[in-house]
Amino acid sequence: MADCKANIAVFVSGGGTNLQALIDAEKAGIISSGSIKLVVSNIRSAYALERAANAGIRAEHVSKKLLGQEGFEAKVTELLEEEKIDLIVLAGFLCILSSDFTKRYENRIINIHPSLIPSFCGEGFYGLTVHEKALEYGVKVTGATVHFVNEIPDGGKIIAQKAVYIEEGDTPEILQKRVMEQAEWIILPQAAETVCRSIIEKRQES
Ligand code: GRF
């Protein structure tokens with residue numbers, strides 16, 4: 001029956017609250033078409049690695065600093081093949097993947113971005129900066145987007161979006177937290193489930 005599920009790898013660089021949302025969603029049955037088999041971090045001290053280990057998921061640190069882009073992707077590919085990974089979820093992963101890599105996994109890599117793409121996205125828009133820019137601009141609504149990953153930063157096809165209202169007195173930190181709670185932690189597991197289900201359906205058709 002294990003083959004009835006898509007194998008998921010999650011790439012992280014930081015605290016891993018989105019990873020936790022994915023782990024919890026699998027436990028709760030919100031993700032029922034996929035199973036998280038591997039967590040990869042480019043940062044050794046990322047708390048996300050601990051979250052993975054606590055959930056009994058294989059957790060690997062691969063240093064891009066040490067290996068360079070090519071070496072990093074070669075090592076990661078080895079791990080993905082070992083675990084027969086079908087879907088890669090980028091959840092707060094702060095490295096750019098080469099176009100060779102994204103082409104190899106076309107429609108098999110998704111990313112969560114903390115704004116409503118095409119606003120406040122692209123190169124340099126990550127972490128708190130995204131929320132700083134939204135507040136600076138004065139938008140009244142922001143949100144989060146899950147999209148497929150291609151060679152253009154934040155440029156792949158959109159899978160899901162959820163809007164979040166900006167409130168009087170918001171700081172980038174307050175807004176970041178609200179966007180996570182009201183949007184990211186909800187739409188990322190839902191989108192992962194949608195993509196896993198379509199991977200399984202395609203597998204059954206062939
Ligand atoms: C999230 O805001 C995500 O949208 C962005 O980086 C942050 C990661 O947070 N790409 P966490 O590591 O999942 O807690």
Side-chain angles (χ1 to χ4, degrees), residues 8-28 30-31 34 36 38-55 57 59-62 64 87-97 102 109-136 139 141-150 152-166 170-193 195:
I8 304 172
V10 185
F11 289 9
V12 294
S13 301
T17 60
N18 279 288
L19 167 67
Q20 193 63 54
L22 291 163
I23 293 171
D24 295 346
E26 188 183 338
K27 274 197 197 126
I30 295 163
I31 297 178
I36 306 168
L38 175 69
V39 171
V40 174
S41 172
N42 62 310
I43 306 288
R44 188 185 292 281
S45 60
Y47 183 62
L49 285 174
E50 231 170 279
R51 292 181 191 268
N54 289 342
I57 300 164
E60 297 281 353
H61 164 238
V62 184
K64 187 173 157 183
L87 174 69
I88 301 166
V89 180
L90 308 185
F93 178 63
L94 298 179
C95 293
I96 300 283
L97 295 164
T102 56
I109 313 176
I110 65 174
N111 178 49
I112 178 83
H113 182 77
S115 77
L116 294 174
I117 290 175
S119 290
F120 312 114
C121 65
E123 252 179 275
F125 283 88
Y126 61 87
L128 269 186
T129 307
V130 179
H131 305 291
E132 270 161 24
K133 296 286 178 197
L135 290 175
E136 244 171 63
V139 291
V141 181
T142 184
T145 304
V146 182
H147 62 92
F148 284 110
V149 173
N150 61 13
I152 305 156
D154 298 325
K157 191 170 179 272
I158 290 172
I159 304 164
Q161 288 189 304
K162 192 165 187 288
V164 173
Y165 284 106
I166 284 165
D170 269 355
T171 62
E173 289 80 5
I174 292 171
L175 185 57
Q176 180 181 52
K177 187 161 178 274
R178 189 180 314 117
V179 168
M180 283 178 156
E181 286 171 353
Q182 294 186 6
E184 295 183 44
W185 300 341
I186 300 164
I187 63 171
L188 184 60
Q190 286 173 349
E193 170 60 16
V195 178

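The first residue of the sequence shown is numbered 1, and numbering continues consecutively from there. Since the model is a prediction, treat every value here as computed from it, not as a measurement. As the structure lists them, so they are numbered: ligands from 1, and atoms in each ligand from 1.
Closest protein heavy atom to atom 4 (O) of ligand 1: Glu184 OE1, 2.7 Å. The closest protein non-hydrogen atom to atom 6 (O) of ligand 1 is Gly92 CA, 3.6 Å. Ranking protein heavy atoms by distance to atom 10 (N) of ligand 1, first place goes to Ile112 O, 3.4 Å. Distance from atom 14 (O) of ligand 1 to its nearest protein heavy atom, with residue and atom name: Thr17 OG1, 2.6 Å. Atom 12 (O) of ligand 1 has Gly16 N, 2.8 Å as its closest protein atom, hydrogens excluded (heavy atom only).
Of all atoms in ligand 1, numbered sequentially from 1 with element shown, those under 4.0 Å from a heavy atom of Met180 are 1 (C), 2 (O), 9 (O), 14 (O).
For ligand 1, none of its N or O atoms has an N or O atom of His113 under 3.5 Å away.
Side-chain N or O atoms of Arg178 include one that pairs as donor or acceptor with a backbone N or O of Tyr165 at under 3.5 Å. Put simply, the side chain of Ser41 never gets that close to the backbone of Ala46: no donor and acceptor are under 3.5 Å apart. Checking side-chain atoms of Gln176 against main-chain N and O of Gly127 turns up no donor-acceptor pair under 3.5 Å.
Contact annotation: Val12 has no heavy atom less than 4.0 Å from any atom of ligand 1. Contact analysis leaves Ala48 out of contact with ligand 1, as no non-hydrogen atom separation drops below 4.0 angstrom.
When the shell of 6.0 Å around NZ of Lys133 is examined, it contains 12 or fewer heavy atoms from other residues, nucleotides or ligands.
To the nearest 0.5 Å, atoms CD1 (Ile57) and CD1 (Ile36) are separated by 4.5 Å.
Between Val89 and the options Ile112, Ile8, Val12, a side chain to side chain contact (heavy atoms under 4.5 Å, CB included) holds for only Ile8.
With a 4.5 Å cut-off on side-chain heavy atoms, Val164 and Glu181 do not count as touching.
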